[in-house]
Amino acid sequence: MKKKLDFLYISNSDGSPRWIWPSTIRKPLFLNFYAKSTLKQKLYAFSIKCVFLCRIQKVIFKTYSGRIESVLYPDQTSTYFMGTPGPNRKIISYSNETKSFTKMAIGDSAGLLIENEYLKLSKLSEYIHLFPFDIPHVIDFSNRHLTVTSLQNQKGTQDFTKAHAKSLNTLRTLNQQVEPVEKWMERNDIQTRIEALQHAIKIDPQICVLLNQLLHSISLDASIQTSWSHGDFTPWNCFFNKEQRLQIIDWELASEHQLTGYDFFHFFFQKGILLEKKTWKEIYEDIKLAYSSYKELIFGQEDIDLDLYLRLYLIQHISYYAALYERQRKWFDQIQWQLKTWKNALTWAIGHDDQRTRLIDVFFQSIHNQQYAVLKLGNSNPAEIKNGQDLDILIQQKDLQFYVNVLQDFPFTKKVKVHTKSFMSTIRVQLRDGDLLHIDLIWKFKRKHLVFLDVKNMLNASILNPYHVKVVNDADNAAYVSHFYALNNASIPQKYQDLILRNTSQLYKEGSTQTNENKGLRRLFNFIIYGIDVSKDLLFNQGFIVTFSGVDGAGKSTLINEVKGNLEEKFRRPVKVLRHRPSIVPIISSIKYGKEKAELKTVERLPRQGKNTNFASSLLRFLYYYFDYFVGQFYVQLKYVMQGYIVLYDRYYYDFINDAKRSNIELHPRIPKFGLRFLLIPRYNYFLYASPEVILKRKKELTSDTILSLTDRYISLFSTLQSTSTRKFMSIENIQINRTSQLIISDINI
């Protein structure tokens, strides 16, 4: 039997009906379908209520007149949610008369979900007296229709609270088991879905590859907990009533043998993507923070491998929804958001010993639809470029932010620094393992004020190399190389000679830059822009200072030699080593012996052998050297730091505080410590120490008691300075030079 009625409705973005209700209804009962956990959602719901309060529904909303099946319209108060398009679509009606919801399946897949919800709610009803939360009660189930009670007085929240954790703790105690991954019931389904996704058309092939890699990276012998799970534990399925008791709805995906922690991860994963549009890195940090607060409630008292459980969640969740979206005819923006986060999450889950190589792989996979071309790469694999080399990529300027976002979203990225000039951007990416990647994104070729060649033409003529990377063709590469070195008055390196010989017609010719871009007012404009670019370079390319302190025999000199080469390679910057101080003024003894002889005597003399004990003499000697530090700090800044140098100090001013006797000075430490406040504090400061036994094997210049005393003073000073300064102060036990060097290199970033 069909009834002819007048309805009002609110449509989806594509124009299809979303919420439908009889035109005679005076209240927006359809808002019972709507989660109101975010401020935006609450404001939207408030605006709808205002429309109804003003009785202008028929003016604001669209009208539908037609017949409808009576089974879909049991009473005059029923409103409808027409469901999310896709294989799992259901129509849901709400009856204000009976205070109930009815779900009606559209298709077999939705029918199975509704049946599962009926079975799980029926079973959970046996334990309802144990629950610190409420669930709907089943009223009727027949013909793929499920009617359940409505949970009233609902108030949404985005926060994961103790009430959420207690609820998951209760579910965990139901049917809890410990078993190896190999016996986990879900594993076979995951493997079947991933195998099917190998032939996917809509889903990004790289996601399928990553899923397969992750599946085979997880040990089958790993032990895991399984228990009851809601399956879609999200802010929009969890509410509080007026007594602040949690209410949980939509149990379609519930399972009795799910991975413990699945609901916990799901809450942050779905909220982070769909409500907050967070990156995977941000979501992961949220999960770790909540885990530290609710570990025992979620997982019990046993220590668990959080990352293992999170990897298993990701592979199950992503394989399920990837298979679902592959069957879905039309995609919405939310699906694209998820795909982007999935790829980064899977990249994190698989991990990689060489994060730099992994970043390059992911970067080129992510930009394959952009118009770009890599300079001077040819048929090489970009992932195999050496440390210290950068990637020069031609792009369209309007796409710059897209490339930056890809690099920032990479799960192992620690910091991205972007330096943009008039014709290019230099991007420096620091990874969590301390490695660096440099990328130059170029949209115009310039040498100082001169513009040469045409990036747009090179982009249009780019080709695909054997690694599916878009590259500049040989002729254009030869043209660029010959122009670049000619304009820099430099000879072309040997490695490009063959390229040049094969493309002689493309070589630089005198006067080839005499184009309209370099004439008249444009020439003047280019000079002005060049000046601005130079100023930006001075700010961006500033170097920094690193100090090394320690008693004689701590291994400073050997370590500095090791660190110097590593820093030059890592940061592609010149490194300057200074001994003890800036040396604006000479060693005091040079007044008597001359500079060369004084320096020789200083080297030959054992430390702490000076005879000076006079306060006045010590103060004058200290002020002399303090003047060197005070004036010299500006000299070092201008000559080295501002020019992009990394400056390494073998000893620093801290010696005057802790070991002034080494410089033949006898003063209370408070005096040099007071002077420290007027000096620029270097960015990185490392104190190297070792046991007296180790140091005395290297150098027999100090007693054990002196070594212990000086070490204690330095560690105390560095601890105090670290607590009061934004600069880095670190004390390191230097037993193995290589290990200490690796620690320092990974610690230093710019």
Side-chain angles (χ1 to χ4, degrees), residues 116-117 119-136 151 157-187 189-190 218 221-240 244-272 283-284 286-317 320 349:
N116 184 63
E117 182 168 15
L119 294 172
K120 296 302 185 289
L121 287 176
S122 299
K123 184 163 286 191
L124 286 172
S125 65
E126 301 172 15
Y127 308 102
I128 193 70
H129 61 285
L130 302 173
F131 294 164
F133 57 87
D134 294 332
I135 62 173
L151 301 178
T157 178
Q158 278 186 260
D159 298 328
F160 186 90
T161 68
K162 193 171 184 178
H164 292 81
K166 285 183 175 179
S167 299
L168 296 186
N169 179 61
T170 302
L171 288 175
R172 180 177 59 83
T173 61
L174 302 180
N175 199 35
Q176 184 176 3
Q177 298 179 32
V178 177
E179 58 191 9
V181 171
E182 186 177 20
K183 300 292 185 182
W184 182 31
M185 292 178 62
E186 295 288 343
R187 190 180 182 283
D189 291 340
I190 291 171
I218 296 174
D221 296 329
S223 181
I224 58 171
Q225 292 182 22
T226 61
S227 55
W228 263 85
S229 166
H230 176 273
D232 195 18
F233 195 76
T234 57
W236 49 90
N237 285 332
C238 299
F239 306 91
F240 287 101
Q244 293 303 300
R245 183 176 171 87
L246 193 66
Q247 302 178 311
I248 307 174
I249 62 172
D250 284 348
W251 291 79
E252 298 173 356
L253 295 170
S255 170
E256 299 175 54
H257 305 282
Q258 184 56 277
L259 179 75
T260 297
Y262 183 97
D263 288 341
F264 172 68
F265 299 135
H266 194 73
F267 187 93
F268 290 97
F269 197 60
Q270 294 298 84
K271 178 186 78 160
I283 294 170
Y284 181 54
D286 289 344
I287 289 173
K288 289 196 297 183
L289 182 62
Y291 174 76
S292 65
S293 301
Y294 301 115
K295 173 189 176 297
E296 291 189 5
L297 285 175
I298 305 300
F299 295 98
Q301 295 185 348
E302 293 184 16
D303 288 334
I304 62 106
D305 184 343
L306 178 68
D307 285 353
L308 170 64
Y309 278 70
L310 186 49
R311 284 174 166 86
L312 289 169
Y313 162 76
L314 290 172
I315 195 172
Q316 183 179 358
H317 169 83
Y320 175 81

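Nothing fancy with the numbering, it's 1 onward along the sequence.
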With sequence neighbours left out, write down each residue that passes side chain to side chain contact (heavy atoms under 4.5 Å, CB included) with Leu174, or none if nothing qualifies. Leu124, Tyr127, Phe131, Leu171, Trp228
Quick one: list whatever passes salt bridge (Lys or Arg N to Asp or Glu O under 4.0 Å) with Glu256, sequence neighbours left out. Lys123
State which residue, out of Asn237, Ile283, Thr234, fulfils the side-chain contact (heavy atoms from CB on, under 4.5 Å) condition with Gln270. Thr234
Side-chain donor/acceptor of Arg311 to backbone N/O of Ala349, under 3.5 Å: yes
Hey, could you give me the CD/CE distance between Gln177 and Met185, rounded to the nearest 0.5 Å? 9.0 Å
Side chains of Thr260 and Ser227: do they bring a donor and an acceptor to under 3.5 Å? yes
Under the rule for salt bridge (Lys or Arg N to Asp or Glu O under 4.0 Å), what residues qualify as partners of Asp286, not counting sequence neighbours? Lys278
By salt bridge (Lys or Arg N to Asp or Glu O under 4.0 Å), which residues pair with Lys271, not counting sequence neighbours? Glu276
Please round to the nearest 0.5 Å and tell me the distance separating atom NE2 of His317 and atom CG of Leu312. 14.5 Å
Output the distance between atom CG (Leu121) and atom CD1 (Ile249), rounded to the nearest 0.5 Å. 11.0 Å
Under the side-chain hydrogen bond (donor to acceptor under 3.5 Å, both in side chains) rule, collect the residues that match up with Gln176, sequence neighbours excluded. Gln225
Nearest 0.5 Å, please: how far is OG in Ser223 from CG in Leu308? 9.5 Å
Given Tyr294, which partner from the list Phe268, Phe267, Phe264, Phe160 fulfils the ring-ring contact (aromatic ring centres under 6.0 Å, His included) test? Phe160
What I'd like to find out is whether the side chain of Leu259 reaches to under 4.5 Å of the side chain of Ser229, using heavy atoms alone. no
Tyr262 meets the ring pair (Phe, Tyr, Trp, His ring centres under 6.0 Å) criterion, sequence neighbours left out, with His266, Tyr313
Exercise: identify the closest heavy-atom pair between Ile135 and Leu151: O-CD2, 3.9 Å
Euclidean distance, Gln316 CD relative to Ile190 CD1, rounded to 0.5 Å: 4.5 Å
What residues, two or more places apart in sequence or in another chain, satisfy salt bridge (Lys or Arg N to Asp or Glu O under 4.0 Å) together with Lys288? Glu285
Got a sec, which residues hit side-chain hydrogen bond (donor to acceptor under 3.5 Å, both in side chains) with Thr161, two or more places apart in sequence or on another chain? His164
Using the side-chain hydrogen bond (donor to acceptor under 3.5 Å, both in side chains) criterion, which residues pair with Ser167? Sequence neighbours excluded. none
Side chains of Gln258 and Glu186 in contact at under 4.5 Å (non-hydrogen atoms): yes
Looking at every heavy atom in both Pro136 and Ile248, which two are closest together, and how far apart are they? CD-O, 3.4 Å
Between Asp232 and Glu252, is any pair of side-chain heavy atoms under 4.5 Å apart? no
Any side-chain heavy-atom pair of Tyr320 and Asp189 under 4.5 Å: no
For His230, give me all partners under ring pair (Phe, Tyr, Trp, His ring centres under 6.0 Å), at least two apart in sequence or on another chain. Trp251
For the side chain of Asn116 and the backbone of Ala254, is there at least one donor-acceptor N/O pair under 3.5 Å apart? yes
Pairs under 3.5 angstrom only: tabulate donor-acceptor contacts from the side chains of residues 295-302 to other protein residues two or more places apart or in another chain.
unit_1: Lys295; atom_1: NZ; unit_2: Glu302; atom_2: O; d: 3.2

Sorted by chain and number, sequence neighbours left out, side-chain hydrogen bond (donor to acceptor under 3.5 Å, both in side chains) with Asp307 holds for Tyr284
Side-chain touch Phe240/Leu246, heavy atoms, less than 4.5 angstrom: yes
Phe265 ring center within less than 6.0 Å of Tyr309 ring center: no
